[in-house]
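Starting off with a structure, shown below.
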2 protein chains.
Amino acid sequence: MNSDLTLSSLRDKGHKITNVRKEVVGMFSQADKPLTAQELHKALKTIGLSVNKTTVYRELQFLTDQGYLVEVHLNPKETSYESTDLMHHHHLICETCGKIDNVTNCLAKELEEDVLKKKGFEIARRSLEFYGTCADCSKKS
Amino acid sequence: MNSDLTLSSLRDKGHKITNVRKEVVGMFSQADKPLTAQELHKALKTIGLSVNKTTVYRELQFLTDQGYLVEVHLNPKETSYESTDLMHHHHLICETCGKIDNVTNCLAKELEEDVLKKKGFEIARRSLEFYGTCADCSKKS
DNA sequence: ATTAATTCGCAAATGTCTTGCATATTGTAT
DNA sequence: ATACAATATGCAAGACATTTGCGAATTAAT
Ligand SMILES: [Mn+2]
Ligand SMILES: [Mn+2]
Ligand SMILES: [Zn+2]
Ligand SMILES: [Zn+2]
């Protein structure tokens, strides 16, 4: 548990609880994949909370600044975000259907220590994504 | 050698050799880090070849389509490119000074096979970047 | 109910990247 | 050298994600 993305945590830190914040926090708690500003905006509208896109951007900025979310760059078009509460994992991105799956195994620990200490480079964070074809899409071809 | 980014290779494939193409190919051959459209545009201007930014974008698109370059997404702001001729490597990105270094070691292949075959996911390409503080910047702090 | 701090909506601006179209350049055939 | 077809280029216009300014609305505490 990296930061505890909950309303009570936010309240404890003295942050205001707005309708948008409430819903966004809920969505990230339940999300099984990274979410973009556009996706959130649409999802909020769907549940009847019509909010301005700017507000969504500001909320993402806020939650990221507070350490509740991290940016994930899966494509060059738009930034995705996910909760920092999530267990360490990497992404499997199907380039055919777009589905995003997770790998919870960590593939890089030895590599990090071995190679990077030699360079004197202190790793703060890593980004590892696999692009390819998911099982479902493989069958269909 | 993945694709041979040279003028003769381009000629052999029937592609025209323009001044811009000549210089861009040269720049990618010598580059020790991924380059962005903006960086190329500036570099071309510096050597006295004032070309429109659109042309730079189109050249990058062209060389990527032909398999000479690959996109690298180091930050959410802009896309970088590098030659596919380069030896397999990953990036060390210093978040303090912006310097980009390479790691030529690769992830344990077995791990990829082990974990991903279980998911039935066929890996086409992987993206691995480390963000942190380089040796130089560590010393200064 | 007051009030201070924060958030929201709206319009405008940024910056990257793309597209349409007319013109210029390249490589090749004559 | 000339003519031609294919391709590349410049310029203007657009598409879009993301940011910013600012006044109005909302939140939480007094
Ligand atoms: Mn994830
Ligand atoms: Mn590289
Ligand atoms: Zn798929
Ligand atoms: Zn540095």
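Letters A, B, ... are given to chains in the order of the sequence lines, protein chains preceding strands, and every chain is numbered from 1.
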* To do: With heavy atoms under 4.0 Å as the rule, sort A:Ser50 into base, sugar-phosphate or nothing.
  =>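 Sugar-phosphate, backbone atoms only, no base.
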* Check: B:His41 side chain, B:Glu39 main-chain N or O, donor-acceptor pair, under 3.5 Å ->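 Absent.
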* Of B:Thr55 and B:Lys77, whose closest DNA chain D nucleotide lies nearer the 5' terminus? ->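 Its nearest nucleotide being more 5', the pick is B:Thr55.
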* Does a donor on one side chain and an acceptor on the other come within less than 3.5 Å for A:His73 and A:Glu78? ->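 Side chains of A:His73 and A:Glu78: no pair found under 3.5 Å.
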* DNA chain C: 5'-proximal contact among B:Ser80 and A:Phe62 (nearest heavy atom) ->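 Between the two, 5'-proximity favours A:Phe62.
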* Looking at B:Thr79, does any N or O in its side chain come under 4.0 Å of the phosphate oxygens OP1/OP2 on C:dT16? ->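 For C:dT16, OP1/OP2 do not have a side-chain N/O of B:Thr79 under 4.0 Å.
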* Distance in Å, B:Glu59 CD paired with B:Thr54 OG1, rounded so as to fall on 0.5 Å steps ->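 Spacing of CD (B:Glu59) from OG1 (B:Thr54) equals 13.0 Å.
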* Are B:Ser3 and B:Thr84 close enough that a side-chain donor and a side-chain acceptor fall under 3.5 Å? ->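 Yes, because at least one side-chain N or O of B:Ser3 sits under 3.5 Å from a partner of the opposite role on B:Thr84.
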* **Distance-only polar pair, side chains of B:Ser138 and A:Glu122, donor-acceptor under 3.5 Å** =>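 A:Glu122 and B:Ser138 do have a side-chain donor-acceptor pair below 3.5 Å.
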* To do: Kindly say if B:Tyr57 contacts the phosphate of C:dC17, meaning a side-chain N or O under 4.0 Å from OP1 or OP2.
  =>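 For C:dC17, OP1 or OP2 has a side-chain N or O of B:Tyr57 closer than 4.0 Å.
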* **Whole-Å distance separating the CG atom of B:Asn52 from the P atom of C:dT18** =>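 Rounded to whole Å, this separation is 14 Å.
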* Asked: Quick one: do B:Leu86 and B:Leu35 end up in the same hydrophobic cluster if we chain Ile, Leu, Val, Met, Phe, Trp and Tyr together by side-chain heavy atoms under 4.5 Å apart?
  ->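 In one cluster: no.
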* **5' to 3' contact window, DNA chain D with chain B (heavy-atom distance under 4.0 Å)** =>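 Nucleotide range with atoms under 4.0 Å of chain B: D:dA6 to D:dA12.
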* **Polar contact flag, side-chain donor to acceptor under 3.5 angstrom, B:Ser127-B:Glu129** =>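 Per modelled atom types, B:Ser127 and B:Glu129 side chains form a pair under 3.5 Å.
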* **Ring-ring centroid check A:His15 A:Phe62, cutoff 6.0 Å** =>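 Yes: the rings meet the under 6.0 Å criterion.
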* **d(CD, A:Gln66; C1', C:dT6) in whole Å** =>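 Spelled out: CD on A:Gln66 to C1' on C:dT6 is 12 Å.
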* Asked: Hey, does B:Lys53 reach any base, or is it just sugar-phosphate, or nothing, if we go heavy atoms under 4.0 Å?
  ->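 Counting heavy atoms under 4.0 Å across all strands, no contact is made by B:Lys53.
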* Starting at CD of A:Glu78 and ending at C1' of C:dG15, how long is that distance when rounded to a whole Å? ->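 Nearest whole value for this atom pair: 16 Å.
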* Summarise protein proximity over nucleotides 19-30 of chain C in one line of letters, 5' to 3': B for base, S for sugar-phosphate only, - for none, counting protein heavy atoms closer than 4.0 Å. => BB-----BS---
* **Listed partners of B:Thr96 passing side chain to side chain donor-acceptor pair (under 3.5 Å), at least two apart** =>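 For B:Thr96, no residue satisfies side chain to side chain donor-acceptor pair (under 3.5 Å) once neighbours in sequence are set aside.
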* Asked: To the nearest Å, how far apart are B:Asn75 CG and C:dG15 P?
  ->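 About 14 Å, once rounded to whole Å.
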